[in-house]
Amino acid sequence: MIITRPNFKQAYLVFAANGTIRLNKKTIGIWKRTSPKWGIRNLPKMVFTANVHYNMNSMVQLSNESKLQLMMAVGRNIPNTMLTPIGQS
């Protein structure tokens with residue numbers, strides 16, 4: 001997923017198959033998919049969960065029933081301090 005914001009370069013958010021979440025080739029968290037056990041009702045079919053480190057000392061856990069919606073939520077919550085301003089390389 002490509003993240004674009006005014007006055008910042010494009011950033012690339014990747015949910016890799018090995019379970020890592022990367023922003024511009026730097027690992028910022030992990031994601032996983034969980035399914036309910038057999039016989040349990042009233043639960044969603046699948047839940048995608050992401051544990052993301054937006055700052056050095058904080059970890060945020062986000063979850064959604066759709067992987068795409070989870071990616072969009074992670075991308076929306078990325079602070080501008082993690083992005084590269086246009087004037088820098």
* Asked: Any donor-acceptor pair under 3.5 Å linking the side chain of W31 with the backbone of V52?
  -> no
* To do: Please round to the nearest 0.5 Å and tell me the distance separating atom CG of L70 and atom OG1 of T49.
  => 7.5 Å
* To do: Using the test side-chain hydrogen bond (donor to acceptor under 3.5 Å, both in side chains), find all partners of N55 that sit at least two apart in sequence or belong to another chain.
  => none
* To do: Any chance you could measure N64, atom CG, to M71, atom CE, to the nearest 0.5 Å?
  => 12.5 Å
* Asked: Counting heavy atoms not belonging to N18, are there more than 12 under 6.0 Å from its CG?
  -> yes
* Compare every heavy atom of A50 with every heavy atom of I21, then report the nearest pair and how far apart it is. => CD1-CB, 3.7 Å
* Do I28 and H53 touch side chain to side chain, with heavy atoms closer than 4.5 Å? -> no
* Asked: Any chance NZ of K67 has more than 12 other-residue heavy atoms, nucleotides or ligands included, within less than 6.0 Å?
  -> yes
* Could you state whether I30 and M46 fall into the same hydrophobic cluster, counting links through intermediate Ile, Leu, Val, Met, Phe, Trp or Tyr residues with side-chain heavy atoms under 4.5 angstrom apart? => no
* Interatomic distance, Y12 atom OH to L23 atom CG [nearest 0.5 angstrom] -> 11.5 Å
* Would a hydrophobic clustering, with Ile, Leu, Val, Met, Phe, Trp and Tyr connected at side-chain separations under 4.5 Å, put L83 with V14? -> no
* Value rounded to 0.5 Å, distance of CD in Q10 from CD1 in I2 -> 5.0 Å
* Taking atom CG of N77 and atom CG of L62, what is their separation to the nearest 0.5 Å? -> 6.0 Å
* Structure fact -> Closest non-hydrogen atoms of P79 and R5, given as atom of the first, atom of the second and distance, are C-NH1, 3.8 Å
* To do: Please assess V74 against L13 for the test side chain to side chain contact (heavy atoms under 4.5 Å, CB included), listing each intermediate value before the final yes or no.
  => CA-CA 9 Å; V74 170; L13 180 67; 4.1 Å; yes
* Residues two or more places apart in sequence or in another chain: which of them pass side-chain hydrogen bond (donor to acceptor under 3.5 Å, both in side chains) with Q69? -> none
* **Worked verdict on N24 versus K9 for side chain to side chain contact (heavy atoms under 4.5 Å, CB included)** => CA-CA 11 Å; N24 291 338; K9 292 184 178 182; over 6 Å; no
